[in-house]
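All heavy atoms count here, side chains included; hydrogens, waters and symmetry mates do not. Labels below follow one simple rule: chain letters A, B, ... track the order of the sequence lines, proteins then strands, and each chain is numbered from 1.
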There are 2 protein chains.
Amino acid sequence: MGYPGGVTSDDAARTPAPDPGKPATIYDVARVAGVSPSTVSRALSKPGRISATTEYRIREAAASLDYRLNPMARALPTGRTNTLGVLLSDITNPVYFDLLRGAGSAATAHGYTLVMAESQESPEQEQEAAVRLLPAVDGLVLVSTRLDDAAITQLADRKPLVLVNRQVPGVPGLVPDARPGITAALDHLGGLGHRSIAYLAGPTISWMNMLRRDAVFEGAPERGISVVEIGPNAPTLDGGRAALRRVRASGATAVLTYNDLIAIGLLSEAQAGGIDVPRELSIVGFDDIFGSDFTSPPVTTIRTPLARAGRAAVNRAVAEIAGEDVDGSVDLTTEFVLRGSTAAPRDERGA
Amino acid sequence: MGYPGGVTSDDAARTPAPDPGKPATIYDVARVAGVSPSTVSRALSKPGRISATTEYRIREAAASLDYRLNPMARALPTGRTNTLGVLLSDITNPVYFDLLRGAGSAATAHGYTLVMAESQESPEQEQEAAVRLLPAVDGLVLVSTRLDDAAITQLADRKPLVLVNRQVPGVPGLVPDARPGITAALDHLGGLGHRSIAYLAGPTISWMNMLRRDAVFEGAPERGISVVEIGPNAPTLDGGRAALRRVRASGATAVLTYNDLIAIGLLSEAQAGGIDVPRELSIVGFDDIFGSDFTSPPVTTIRTPLARAGRAAVNRAVAEIAGEDVDGSVDLTTEFVLRGSTAAPRDERGA
DNA sequence: CGCCCTTTGGCAACCGGTTGCCAAATCTGT
DNA sequence: ACAGATTTGGCAACCGGTTGCCAAAGGGCG
């Protein structure tokens, strides 16, 4: 026999193989329909290639056997797995919820399955996960990747790859335009009378962090606002909490944060320390995550269209896999969301 | 040729195939190491089967070619994909964050990849996703499934399957024990003087909802507390908001909710309507999700050990796949978390 | 030094599909 | 009724691994 769970060819040739536990194959279907396996294959996946009557007979046979195509067997000769990999830095970060849902719905719409892995903010783990996933997927979506350009380019050489929140020359990337939101936020803060603000930075390896920081540092001076950078901070609630001391020391009357988690952490720590937000300290978050609207006060923030980004990323990946050319311009603009964590600085009146 | 991207055997036999784009196979490795493909296969996956020196030579060759095993090719003859499927009712529900992370880390620890799909609370979509995933995974984890017993049993007959938040005879299931937390919550509410409470139910098809409801309806009378059921409600913020009117109409001074999302929705709607929580209405949530501690007041809730449940579920699934017998008792007990959304009812003093 | 037992590595079948090529069957037009 | 064009379906090779069986090589011991 030479093979483990095999069935002798005699058996297979005689019985219609009712259901010996193993799922039906195209060979079973072929036997029942009285055609050759290749005809079954074509009937089921090459519409029009086989005459209507034969195709009907085959479909009947397949249905009666509850035939299910084996994705692995199909993937082997074709190289296509109908699977997309998504890599995240941290699953428990609420920013990714909507993105994942958008990606998931777009994927099923295209008949793709999503496999997901997280890298816990570590470039090594991310690289390892990417390499591990690579042979099993048709394409990869890297969200807020912590990999460097070289590693990304190398990955992109092997399989279609789409970046979210990152731009690398020669690799398709979707990055929400932070400027509109930041501009509106600075206008708002400036209008309230703030003259000295701080930017609470995220991780140094975060590309988005640079982008946001640069936009703040470019826009603030134009409005006569001075700005200092405080960080790097872990992009978590604790990261925000730990930054309070330095925020107070800086004398800034308002802060823009790398993300909402930091903003919320900072807010809760401030309140625990008896600091009045927004009167003593204004806080502007980033992303508008789940939960940022039910803190007290609710946090003023800059919304990024994550669900749309997720959807666009898998659409793009699917197009890339199909070898289609795409114009690729998706509108991903940020939007200022005014809530309760910002107000005029106390000094304004006091001084 | 008969095959698309094929290489003629002449070419393959002569050149060491430097890197024509296609990744290296065991045949390439075999050629470079001067052994047969089967020896390569054994050297790489049957430790000890091949002599140390030959194995070393093979590993060298593999490394030099950057050989990567093709998971699909391996899966075909063995039937094992090293992939686990996780089905959720709703990815954007924060309850699942920790669960997913626990499941993810346990999966990678066992060398498994996680594929994930959501059913959007629809049994049909869930069934379809399960069937679609089934042939590509070694086992399935169904979290808060909306499927009926028959469908679950049928699935469990085809592949190892583990349930979370659901119990079906003959199928391994992990369900956190709601009683300790609910008992403590009722004691707390009773001690504060509440005599009339409401249970804000979740979806009717939710098995956990029944369990929680039953525990409340059993425990309340024992403490001289009357209880009414209000629902079903969508297990979302909006579901909670929509329920406020009926809560007020019921005259209950405190509510226990099916989950924290409903609790938070109810809380925000109450505050919008000028109702003082906790003085006019006490709220107890369920699960202790991300965000429930930074509402104002923070919500008193019953914590379920989700990360542990996720980890335990994949551990169990892996054991099941390996055919191991497991005692299976994992400690998953709920815990009452006292925060700010509960207080003595106003009537207590007023009446 | 020869015999027997253990290692070691190769052969070939097999997993379940896909597809280039070809021959038989069917259709067309006259 | 027949040559030629078109449909239809089968053959067989192939994707990249795994593994039962076996023969050759190596080792131990009397």
| Between D:dG17 atom P and A:Met72 atom CE, what is the distance in whole Å? | 15 Å
| Looking at residues at least two apart in the chain, or sitting in another chain, which of them share a salt bridge (Lys or Arg N to Asp or Glu O under 4.0 Å) with B:Arg49? | none
| field | Distance in angstrom units between B:Leu65 CG and D:dG17 P, rounded | value | 12 Å
| said: Check whether A:Asp28 reaches the backbone of A:Thr25 with its side chain - one donor and one acceptor, N or O, closer than 3.5 Å. | reply: yes
Counting only pairs under 3.5 Å, give me each side-chain donor-acceptor contact of residues 69-77 of chain A, with atom names and distances, residues two or more places apart or in other chains.
residue : atom : partner : partner atom : Å
A:Asn70 : OD1  : A:Met72 : N            : 2.8
A:Asn70 : OD1  : A:Ala73 : N            : 3.1

Can you give me the N/O atom pairs linking the protein to nucleotides 7-11 of chain D at distances under 3.5 Å, or say none if there are none?
residue : atom : partner : partner atom : Å
D:dG9   : OP1  : A:Ser51 : OG           : 3.4
D:dG9   : OP1  : A:Thr54 : OG1          : 2.3
D:dG9   : OP2  : A:Ser51 : N            : 3.1
D:dG9   : OP2  : A:Ser51 : OG           : 3.4
D:dG9   : N7   : A:Arg49 : NH1          : 3.1
D:dG9   : N7   : A:Arg49 : NH2          : 3.4
D:dG9   : O6   : A:Arg49 : NH2          : 2.8
D:dG10  : OP2  : A:Ser36 : N            : 2.8
D:dG10  : OP2  : A:Ser36 : OG           : 3.3
D:dG10  : OP2  : A:Thr39 : OG1          : 2.2
D:dG10  : N7   : A:Arg42 : NH2          : 3.0
D:dG10  : O6   : A:Arg42 : NH2          : 2.5
D:dC11  : N4   : A:Ser38 : OG           : 3.3

| Tell me: CD1 of B:Ile26 to P of D:dG17, nearest whole Å? | 5 Å
| field | Set of residues satisfying salt bridge (Lys or Arg N to Asp or Glu O under 4.0 Å) with respect to B:Glu126, sequence neighbours excluded | value | none
| remark: Angle separating the five-pair end axes of the helix from C:dC1-D:dG30 to C:dT30-D:dA1, nearest 10°, is 30°
| remark: When rounded to whole Å, the CG to C1' distance for the pair A:Asp28 and C:dG16 reads 10 Å
Under 3.5 Å, which donor-acceptor pairs link side chains of residues 111-119 of chain A to any protein atom two or more places apart or in another chain?
residue  : atom : partner  : partner atom : Å
A:Tyr112 : OH   : A:Arg80  : NH2          : 2.7
A:Thr113 : OG1  : B:Arg132 : NH1          : 3.0
A:Glu118 : OE1  : A:Ile91  : N            : 2.7
A:Glu118 : OE1  : B:Arg101 : NH2          : 3.2
A:Glu118 : OE2  : B:Arg101 : NE           : 3.2
A:Ser119 : OG   : A:Leu88  : O            : 3.3

| said: C:dG17, OP1 or OP2 - any side-chain N/O from A:Tyr67 closer than 4.0 Å? | reply: yes
| Below 4.0 angstrom from OP1 or OP2 of D:dT18, is there any side-chain N or O of B:Lys46? | no
| task | Can you tell me which residue pairs pass the side-chain hydrogen bond (donor to acceptor under 3.5 Å, both in side chains) test with a partner in residues 150-161 of chain A, sequence neighbours excluded? | result | none
| task | Select base, sugar-phosphate, or nothing to describe what A:Arg80 touches, counting heavy atoms under 4.0 Å on all strands. | result | nothing
| request: Would you mind reading off the distance between A:Arg68 atom CZ and C:dC15 atom C1', rounded to a whole angstrom? | output: 19 Å
| query | What residues form a salt bridge (Lys or Arg N to Asp or Glu O under 4.0 Å) with A:Asp149, not counting sequence neighbours? | reply | A:Arg166
| request: Using atom CG of B:Leu76 as one end and atom P of D:dG17 as the other, report the distance to the nearest whole Å. | output: 12 Å
| query | B:Arg74 has an atom CZ; how far is it from atom C1' of C:dG16, in whole Å? | reply | 18 Å
| Touch class at under 4.0 angstrom, heavy-atom based, for A:Thr25 against every strand present | sugar-phosphate
| Quick one: salt bridge (Lys or Arg N to Asp or Glu O under 4.0 Å) partners of A:Arg68, sequence neighbours excluded? | A:Asp66
| Taking A:Leu155 as the fixed residue, which of A:Val171, A:Leu161, A:Thr145 is the one that meets the side-chain contact (heavy atoms from CB on, under 4.5 Å) rule? | A:Leu161
| message | Rounded to whole Å, how long is the line connecting atom CD1 of A:Ile58 with atom P of C:dG17? | response | 13 Å
